[in-house]
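Since we're looking at a predicted model, the values are computed, not measured. Hydrogens, waters and symmetry mates are skipped; everything else that's a heavy atom, side chains included, is used.
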Amino acid sequence: MVLIRQEEENDYPIVEDIIRKSFYNVYMPGCTEHYLAHVMRRHADFIPQLDLVLELDGQIIGSIMYTKARLAGQAGEEKEILTFGPVCILPAYQRKGYGKQLMEYSFAKAKEMGWDTIVIFGDPNNYVSRGFQSCKKHNVCLPDGTFPAAMLVKELTPNALGKRKWAYYQSEAMEIDGQEAERFDEALEKLEKKHLPSQETFYILSHAVIL
């Protein structure tokens, strides 16, 4: 039985452990995503209503968290949008459709709340099947004018962004102190840090831009 519900305070250590086990050594030796979750809940841009967990037979196996972000138009207009992350499913339950259920539930809830656009950074292989497209197709770039290959856009409402060009600005909630993250991780259960091929794939993707 699958249940998707809002995260509760008692869930915090469980969720952070799931995030840590899901991301450890995937993008770097170790990971920082669990520390991000630990600190972002206190930020003003964090959206508690979209802080969700997925339970399978009463056990939490997945999580998704949203924060606000913003787009700035060329004429000076601004638009408040969403971004999410970390999003994860416990490794033993990945590739079984639970991540899809969690994301689709969150999209419907976000739209119900009045949000119309989501911008994320991620591997397109994981998100294009969920309706995300290249940022360039929506004319959404970074403030320096570049279109990262890993920056993806999903309109919850068709034509929400119109035909204008937008620059994306993430929330400060997503910015963490690397040294603090390392200290936080050192206090937890010891996991072996490894150098894996997925880390080089991530490096290439995260530095690629669309011309």
Side-chain angles (χ1 to χ4, degrees), residues 1-8 11-38 40 47 50-67 82-111 117-135 137 148-156 174 181 185 188-208 210:
M1 177 178 165
V2 172
L3 171 67
I4 298 174
R5 61 170 175 82
Q6 194 169 332
E7 184 189 43
E8 300 172 355
D11 301 325
Y12 291 179
I14 299 169
V15 168
E16 289 167 20
D17 183 60
I18 290 171
I19 293 170
R20 186 174 185 243
K21 288 175 178 174
S22 298
F23 286 97
Y24 219 76
N25 296 327
V26 174
Y27 300 128
M28 58 180 285
C31 73
T32 60
E33 285 83 357
H34 56 303
Y35 178 71
L36 171 61
H38 183 74
M40 74 189 299
I47 304 175
L50 293 174
D51 175 17
L52 305 170
V53 297
L54 184 146
E55 288 185 357
L56 178 64
D57 298 329
Q59 175 192 356
I60 298 175
I61 65 165
S63 167
I64 189 168
M65 298 179 171
Y66 280 78
T67 59
L82 293 175
T83 188
F84 64 69
V87 55
C88 67
I89 297 294
L90 202 58
Y93 298 93
Q94 292 175 5
R95 307 300 176 188
K96 299 179 184 294
Y98 298 119
K100 173 184 175 180
Q101 290 183 60
L102 183 57
M103 283 191 284
E104 292 294 345
Y105 182 95
S106 73
F107 299 158
K109 188 172 181 65
K111 186 173 182 179
T117 305
I118 304 172
V119 176
I120 62 168
F121 284 84
D123 185 340
N125 290 309
N126 295 332
Y127 297 106
V128 293
S129 63
R130 304 275 61 81
F132 283 88
Q133 297 179 313
S134 166
C135 60
K137 287 189 174 181
M151 190 161 78
L152 308 171
V153 177
K154 179 179 176 69
E155 289 184 327
L156 298 174
M174 306 299 287
D185 189 68
L188 302 175
E189 175 191 358
K190 182 69 174 177
L191 296 176
E192 183 184 358
K193 292 183 178 181
K194 300 178 180 179
H195 292 273
L196 300 177
S198 61
Q199 298 165 16
E200 185 63 20
T201 300
F202 171 72
Y203 180 87
I204 294 168
L205 181 61
S206 63
H207 287 78
I210 299 173

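Donor-acceptor pairing under 3.5 Å is lacking for the side chains of His34 and Glu16. Between the side chains of Tyr27 and Asp123, no donor-acceptor pair of N or O atoms lies under 3.5 Å. Side-chain atoms of Thr83 and Tyr66 form no donor-acceptor pair, as typed in the model, at a separation below 3.5 Å.
Lys193 places no side-chain N or O within donor-acceptor distance of the main-chain N or O of Gly30, the cut-off being under 3.5 Å. Judged by distance alone, with hydrogens and angles left aside, the side-chain atoms of Asp57 form a donor-acceptor pair with the main-chain N or O of Met1 at under 3.5 Å. Panel note: side chain Arg20, backbone Val15; no donor-acceptor pair is recorded below 3.5 Å. One N or O on the side chain of Asn25 and one on the backbone of Lys194 form a donor-acceptor pair closer than 3.5 Å.
Under a 4.0 Å N-O distance rule, the pair Asp11/Arg5 qualifies as a salt bridge.
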_Pair Lys100-Glu104, side chain to side chain contact (heavy atoms under 4.5 Å, CB included): steps then yes or no_ = CA-CA 6 Å; Lys100 173 184 175 180; Glu104 292 294 345; 4.2 Å; yes
_Between Leu36 and Met174, does the side chain to side chain contact (heavy atoms under 4.5 Å, CB included) criterion hold? Intermediate values first, please._
CA-CA 7 Å; Leu36 171 61; Met174 306 299 287; 4.2 Å; yes
Sequence neighbours left out, cut at 3.5 Å: what donor-acceptor pairs do the side chains of residues 86-99 make with other protein atoms?
residue	atom	partner	partner atom	Å
Gln94	NE2	Ile89	O	2.8

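Residue Leu82 forms a side-chain contact (heavy atoms from CB on, under 4.5 Å) with just one option from Ile47, Thr67, Val119, and that option is Ile47.
Counting non-hydrogen atoms of neighbouring residues, nucleotides and ligands closer than 6.0 angstrom, the OH atom of Tyr12 exceeds 12 such neighbours.
In this pair, Phe84 and Tyr127 present their aromatic rings tilted. The plane angle is within the 30 to 60° band.
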